[in-house]
Amino acid sequence: MSADDESLVGWRGEWTDGRKLWNFDSDATARADRCHREPVSLVRLPQLLPGHMPPHESCECGYRVVGDLGVLDDYWEKYLRLNWDVIGLHAEEPIGVESVAVCKVEARGRTVKAKKHHGDPIRTFRAGEITLLEVYVPDWLDTGRLHTRYPDVPVRSLEELPGHLFGRFKKPIPEPVLAIATEGPNIRVTLAVGDAVIPRSAFQDPAIIDAIRRVAHPANGTDRHQNPHIKLLRERLVKPHLPHVEHWQDQNGCALGIAATVMLLISEGS
């Protein structure tokens, strides 16, 4: 798909607190009036090229829309796996946001095909302006406020959408699957993928303890997946003690889970 002025219909996810959708104004339209990174994005954007109106072929700006609902379902399954399946933690969300809404949108004006090496799923395109057509939310949300804010947009239950991952959004997010216990010379960290039995001596290394603190409590604005200290935990704690976890994103998720649980042990003075 080349850059052109056309109207395209597709799907995207939006964080919602039950009162509004993160990117959409009360007129049910999201407009990218300058080159910017989306405030909340399920795609990590390494860099932008300033000084133009989005979307731009050589940049990563604009609102991403996936042409196939099934592709979006599969993509989220992979992206959120390290949050729910691997460490059992809640999905990453901005403060005060409770849920994910699945939105059918119409992209207007200029659109460009997104790039695979940016991490975008197939059949993704970027647009400078998108308008809500339909919204699907979990049943536990009171949709009254969304109806009030977007009166011309149907707000329906996620139960009406097919897909494996969407089923997860139909129920409240489960409690974290994390536990830690001392066992003689070892510390056992329980994650959703299994137990990591780590020698206590590993935690006598100042570099590991410093990395745990910095991963568990990253500086403001730090992308947790790009935190330079997570690599140390991945190499020293995850790979040796959870060898069946092979994908680096899953290994990062395990490192985050280990850091979170070990910090609990440290805070208790054990």
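Treat the numbers as computed from the prediction; the structure is a model and nothing was measured. Residue numbers run from 1 in the order of the sequence given.
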Participant: On the 0 to 90° scale, with breaks at 30° and 60°, tag the F24-Y150 ring pair as parallel, tilted or perpendicular.
Facilitator: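 Perpendicular.
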Participant: Same cluster or not: are V197 and L191 linked, directly or through other Ile, Leu, Val, Met, Phe, Trp or Tyr residues, by side-chain heavy atoms under 4.5 angstrom apart?
Facilitator: no
Participant: Take V189 and D195, measure what side-chain contact (heavy atoms from CB on, under 4.5 Å) needs, and give me the verdict at the end.
Facilitator: CA-CA 6 Å; V189 180; D195 290 2; over 6 Å; no
Participant: Which heavy atom in H147 sits nearest to a heavy atom in V153, and how many Å separate them?
Facilitator: ND1-O, 4.4 Å
Participant: Would you say that H52 contacts C61 through its side chain, given a criterion of any heavy-atom pair below 4.5 Å between the two side chains?
Facilitator: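 Yes, close enough: below the 4.5 Å cut-off.
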Participant: Run C103 and L21 through side-chain contact (heavy atoms from CB on, under 4.5 Å) and show every step you take.
Facilitator: CA-CA 10 Å; C103 303; L21 300 174; 3.9 Å; yes
Participant: Check whether any side-chain heavy atom of V65 sits under 4.5 Å from a side-chain heavy atom of W11, and report yes or no.
Facilitator: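 When only atoms from C-beta onward are counted, W11 and V65 do not touch, as no gap falls below 4.5 Å.
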Participant: Looking only at atom types and distance, does a side-chain atom of R12 sit under 3.5 Å from a main-chain N or O of R64, one as donor and one as acceptor?
Facilitator: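 Answer holds: yes.
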Participant: Which pair of non-hydrogen atoms, one from G18 and one from L146, has the smallest distance, and what is that distance?
Facilitator: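 Reported closest heavy-atom pair: O-CG, 3.7 Å.
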Participant: Tell me the closest heavy-atom pair linking L69 and L161, and the distance in Å.
Facilitator: CD2-CD2, 3.8 Å
Participant: Could you give me the CA-CA distance, side-chain angles and deciding distance for N252 and R234, then say whether side chain to side chain donor-acceptor pair (under 3.5 Å) is met?
Facilitator: CA-CA 6 Å; N252 277 5; R234 193 172 68 223; 2.8 Å; yes
Participant: Is there side-chain contact between T131 and R108, with heavy atoms separated by less than 4.5 Å?
Facilitator: yes
Participant: Could you tell me if the side chain of R149 sits less than 4.5 Å from the side chain of R19, heavy atoms only?
Facilitator: no
Participant: Using a 6.0 Å cut-off, check whether atom NZ of K231 has over 12 heavy atoms from anything other than its own residue.
Facilitator: no
Participant: Could you state the interatomic distance from CZ (R188) to OG1 (T261), rounded to the nearest 0.5 Å?
Facilitator: 13.0 Å
Participant: Do NZ/NE/NH1/NH2 and the carboxylate oxygens of R110 and E57 come within less than 4.0 Å?
Facilitator: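 So R110 pairs with E57 through a salt bridge.
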Participant: Got a second to check how far D210's CG is from L232's CG, nearest 0.5 Å?
Facilitator: 9.0 Å
Participant: Test T16 against W22 for side-chain contact (heavy atoms from CB on, under 4.5 Å), laying out the working first.
Facilitator: CA-CA 6 Å; T16 179; W22 192 261; over 6 Å; no
Participant: Taking CZ in R145 as the centre, count heavy atoms belonging to other residues, nucleotides or ligands within less than 6.0 Å. Is the count above 12?
Facilitator: no
Participant: Could you grab the distance from atom CG of L237 to atom CD1 of I258, nearest 0.5 Å is fine?
Facilitator: 5.5 Å
Participant: Evaluate the side-chain proximity of H241 to P199: yes if any heavy-atom separation is below 4.5 Å, no if none is.
Facilitator: yes
Participant: So, for Q251 and V238, which heavy atoms are closest and what is the spacing to 0.1 Å?
Facilitator: O-CG2, 3.7 Å
Participant: Are R236 and D205 within salt-bridge range, i.e. N to O under 4.0 Å?
Facilitator: yes
Participant: Just verifying a value: how many Å separate T111 OG1 and L8 CG, rounded to the nearest 0.5 Å?
Facilitator: 5.0 Å
Participant: Would you check if I180 and T190 make a side-chain contact, meaning some heavy-atom pair closer than 4.5 Å?
Facilitator: no
Participant: Could you tell me the separation between the CG atom of D68 and the CD1 atom of I122, rounded to the nearest 0.5 Å?
Facilitator: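 Between atom CG of D68 and atom CD1 of I122 there are 7.5 Å.
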Participant: Does the side chain of I130 reach to within under 4.5 Å of the side chain of T29, using non-hydrogen atoms?
Facilitator: no
Participant: Check F125 against A107 and note the closest heavy-atom contact, atom names and distance.
Facilitator: CE1-CB, 3.5 Å
Participant: Take L133 and V105 through the test side-chain contact (heavy atoms from CB on, under 4.5 Å) and record every step on the way to the result.
Facilitator: CA-CA 5 Å; L133 299 179; V105 300; 5.6 Å; no
Participant: Any side-chain heavy atom of L233 within less than 4.5 Å of one from I208?
Facilitator: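 They are in side-chain contact.
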Participant: Taking all heavy atoms of V66 and all of L72, pick out the closest pair and write down the distance.
Facilitator: CG1-N, 4.0 Å
Participant: So, the side chain of R126 versus the backbone of C59: is there a donor-acceptor pair under 3.5 Å, distance only?
Facilitator: yes
